[in-house]
**Q** 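Right, I'll just put the structure down here and ask away after.
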Number of protein chains: 2
Amino acid sequence: MRIGELAKATGTKAETIRYYERENILPAADRTDSNYRDYSDDHLATLTFVRRARELGFSMAQVRELLALSDHDDKPCQDVDQLVQRQMVEVERKIADLSALRDELGQMLRSCRADKIGECRIVESLARPLPPRCA
Amino acid sequence: MRIGELAKATGTKAETIRYYERENILPAADRTDSNYRDYSDDHLATLTFVRRARELGFSMAQVRELLALSDHDDKPCQDVDQLVQRQMVEVERKIADLSALRDELGQMLRSCRADKIGECRIVESLARPLPPRCA
DNA sequence: ATGCACCTTGTAGCAACTACAAGGTCAAGA
DNA sequence: TCTTGACCTTGTAGTTGCTACAAGGTGCAT
């Protein structure tokens with residue numbers, strides 16, 4: 001599949017795809033006889049993953065780490081384990097935060113439906129004190 | 001509370017706080033006699049919210065919208081309702097994606113514990129086809 | 001043969017910070 | 001009293017992760 005097709009399928013600009021290739025986020029595609037990039041389904045899956053992860057607030061560095069986990073066949077389990085655990089903590093936190101936010105949004109919808117103004121606690125939903133940044 | 005204290009409490013650089021003030025993300029703080037910014041607990045809550053929302057992948061524009069919902073006392077419920085619904089859809093999607101990612105990470109941990117190499121499906125966890133971008 | 005998708009390199013813009021520098025004020029401790 | 005460190009201002013410039021162009025060229029379908 002060519003770059004335009006991949007771009008459309010993933011909602012990514014062709015230029016961004018080339019940028020990811022330059023940055024080694026996406027492996028270089030095969031080339032056709034006419035030097036067009038020729039993407040596989042693996043590329044499609046990886047790019048979809050990258051875009052999702054970025055939307056979820058992971059940095060490029062974190063995306064790289066996550067992608068590296070895919071290739072973990074060649075690395076000892078202990079190393080992977082630690083990395084996965086760290087990611088896990090972060091993912092769980094994000095889920096908890098988003099759930100709180102979702103609940104609050106639901107609350108707002110219900111009170112709006114009832115046409116009651118009601119207290120807006122949307123800020124409070126995410127405002128419990130941040131845990132001290134770990135060193 | 002002064003800027004340094006607020007910075008520490010929220011894990012934000014003082015310069016970023018001043019930046020948020022310039023950008024009207026955070027309301028300007030009161031000033032002490034000596035012209036130091038003097039923050040309230042409301043500022044603390046708002047800034048914590050902003051940082052969390054940013055970590056969760058919301059853009060500044062979206063954060064502005066979410067913050068605006070807090071002041072919805074003065075706006076008709078219908079307007080708020082629509083906005084909340086849109087945010088809700090996005091939040092739900094993020095939760096679903098993160099849950100898939102979490103499950104996959106859990107899977108990896110378990111197979112690592114068993115010291116089996118096991119298939120890594122981490123990319124697949126977020127790689128189901130993206131829904132066509134709505135216009 | 002015209003137009004569109006692709007190729008390259010390069011430059012420059014945007015968003016959301018982050019990091020200085022220069023020059024000044026304020027307040028607590030040795 | 002003097003120094004140190006946190007704060008103040010304005011301003012400039014760097015970083016990340018794209019995004020947008022320009023210029024000049026190739027491939028290919030209608």
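Keep in mind the model is a prediction, meaning the values are calculated, not measured. Here is how names work: the chains are called A, B, and so on, in the same order as the sequence lines, proteins then strands, and each is numbered from 1.
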**Q** Strictly distance-based, threshold 3.5 Å: is any side-chain N or O of A:Ser99 a donor or acceptor partner for the main-chain N or O of A:Ile95?
**A**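 At least one qualifying donor-acceptor pair exists.
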**Q** Does A:Arg18 make a side-chain N or O approach to OP1 or OP2 of D:dT19 shorter than 4.0 Å?
**A** no
**Q** Do A:Phe58 and A:Gln87 make a side-chain contact, defined as non-hydrogen atoms from C-beta onward lying under 4.5 Å apart?
**A**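 Answer yes - side chains close enough.
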**Q** Less than 4.5 Å apart, any side-chain heavy atom of B:Phe49 and any of B:Leu66?
**A**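 Yes, side chains in contact.
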**Q** Is it the case that A:Ser40 and A:His43 place a side-chain donor and acceptor less than 3.5 Å from each other?
**A**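 Yes, a side-chain donor-acceptor pair sits under 3.5 Å.
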**Q** Using whole Å, what does the distance between atom P of nucleotide D:dA6 and atom CD1 of B:Ile3 come to?
**A**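 From B:Ile3 CD1 to D:dA6 P: 13 Å.
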**Q** Check whether B:Thr16 reaches the backbone of B:Thr12 with its side chain - one donor and one acceptor, N or O, closer than 3.5 Å.
**A**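 Between the backbone of B:Thr12 and the side chain of B:Thr16 there is no qualifying donor-acceptor contact (under 3.5 Å).
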**Q** Look up atom CG in B:Leu6 and atom CD1 in B:Ile17, then write down how far apart they are to the nearest 0.5 Å.
**A**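 It is 4.0 Å, given to the nearest 0.5 Å.
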**Q** Hydrophobic cluster membership, with links at side-chain heavy-atom distances under 4.5 Å among I/L/V/M/F/W/Y: are A:Tyr19 and A:Leu44 in one?
**A** yes
**Q** Find the distance between CE (B:Met88) and CD (B:Gln85) and round it off to the nearest 0.5 Å.
**A**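 It comes to 8.0 Å.
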**Q** A:Asp38 side chain to A:Thr32 main-chain N or O, any donor-acceptor pair under 3.5 Å?
**A**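 No; judged by distance alone, with no hydrogens or angles, the pair does not exist.
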**Q** For B:Tyr39 and D:dA6, give me the distance from atom OH to atom P, rounded to whole Å.
**A**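 In whole Å, D:dA6 P and B:Tyr39 OH are 17 Å from each other.
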**Q** Measure all distances between protein nitrogen or oxygen atoms and nitrogen or oxygen atoms of nucleotides 24-30 of chain D, and list the pairs falling under 3.5 Å.
**A**
none

**Q** Of all nucleotides in DNA chain C with an atom under 4.0 Å from a non-hydrogen atom of chain B, which is the first and which the last going 5' to 3'?
**A** C:dA16 to C:dA27
**Q** Check every strand shown and say whether B:Arg22 touches a base, only sugar-phosphate, or nothing at a heavy-atom separation below 4.0 Å.
**A** nothing
**Q** Closer than 3.5 angstrom, by distance alone: can the side chain of A:Lys94 be matched with the main-chain N or O of A:Leu56 as a donor-acceptor pair?
**A** yes
**Q** Take nucleotides 13-18 of chain D nucleotide by nucleotide from the 5' end and write B, S or -, depending on whether a protein heavy atom sits under 4.0 Å from the base, only from the sugar-phosphate, or from neither.
**A** ----BB
